[in-house]
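Atoms within a ligand are numbered from 1 in the order they appear, just like the ligands themselves. Only this structure's heavy atoms are used, side chains among them; waters, hydrogens and symmetry mates stay out.
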Amino acid sequence: MSAVMPPYFDHVVVDEAAIKARVAELGRQLAEDFAGEDLRLVTVLKGGLFFLSDLCRAIDMPLTIDFLAVTPYEQGRGGVVQVTKDLSDDISGASVVLVEDVVDTGLTVNYILSMLKRRSPKRLEVCTFLDKPARRIAAVPIAYTGFEIPDRFVVGYGLDLNGRYRNMSSIVALDDAAILP
Ligand code: IMP
Ligand code: MG
């Protein structure tokens, strides 16, 4: 039990050992699938940072990393998110993998994908650490998934509740009471 653990902790969904093993597998798979290509890993701050950091070291080939930041979409606004920090590098002609912490409704990834597509990458794939298909609104093509999990609010390994618990090494589900407004 870590001191970071929230008081309304319910149960561990994915533990640290399982995360390490799965990230290593994904890294090997990406290295194989993108061998010889100009691989660019792109992630969305802040949640994707933790997965990206481990994943990029599990991919045994030259690559670059880049970041963007968005405001969360607001309900009823048709899945429009605002980009608050754009990528630093041009991605035209490159093989881009959008690395995400979680795909839930799919609205965020959907929006980012359409934005990145307009910049003419040679290839554009999604690699998400967690997939929560139960609440999907936008159909998102996900090429690589760490873990598919049920519709529970989880924190850890980059995922937060009001900015906290990103620094936990495992994924834990919280009591519903914790996330009620
Ligand atoms: P979307 O619903 O797929 O657009 O996901 C939007 C964002 O909601 C994600 O990038 C996360 O920041 C957040 N999110 C979705 N599910 C969870 C969760 O279980 N824990 C923490 N954040 C979540
Ligand atoms: Mg996020």
Sole candidate of Phe129, Tyr165, Phe147 that passes ring-ring contact (aromatic ring centres under 6.0 Å, His included) when paired with Tyr157 | Phe129

Purely on distance, is any nitrogen or oxygen of Gly106 under 3.5 Å from one on ligand 1?
-> yes

Atoms of ligand 1 close to Thr108 [distance to a heavy atom under 4.0 angstrom, numbered from 1] = 1 (P), 4 (O), 5 (O), 6 (C)

Is any side-chain N of the basic residue among Lys20 and Asp54 closer than 4.0 Å to the acidic one's carboxylate O?
-> no

Nearest heavy-atom contact between Arg136 and Ile142 is NH1-CD1, 4.0 Å

Numbering as shown, the atoms of ligand 1 that approach Thr105 to under 4.0 Å (heavy-atom distance) = 1 (P), 2 (O), 3 (O), 4 (O)

Measure across Leu39 and Pro62 and return the closest heavy-atom pair with its distance rounded to 0.1 Å.
-> CB-O, 4.4 Å

Ligand-side contact atoms (ligand 1) for residue partner Arg152, heavy atom cut-off under 4.0 Å = 19 (O)

Please name the pair of heavy atoms, one in Leu113 and one in Leu98, separated by the smallest distance, quoted to 0.1 Å.
-> CD2-CD2, 4.1 Å

Taking all non-hydrogen atoms of both residues into account, name the closest pair between Thr145 and Arg22 and its distance.
-> O-NH2, 2.8 Å

Lys132 heavy atoms, cut-off 4.0 Å: which ligand 1 atoms fall inside?
-> 16 (N), 17 (C), 18 (C), 19 (O)

Any idea which of Asp160, Val154, Val140, Leu159 brings a heavy atom closest to atom 20 (N) of ligand 1?
-> Val154

Subset of ligand 1 atoms that lie under 4.0 Å from at least one heavy atom of Asp101 = 10 (O)

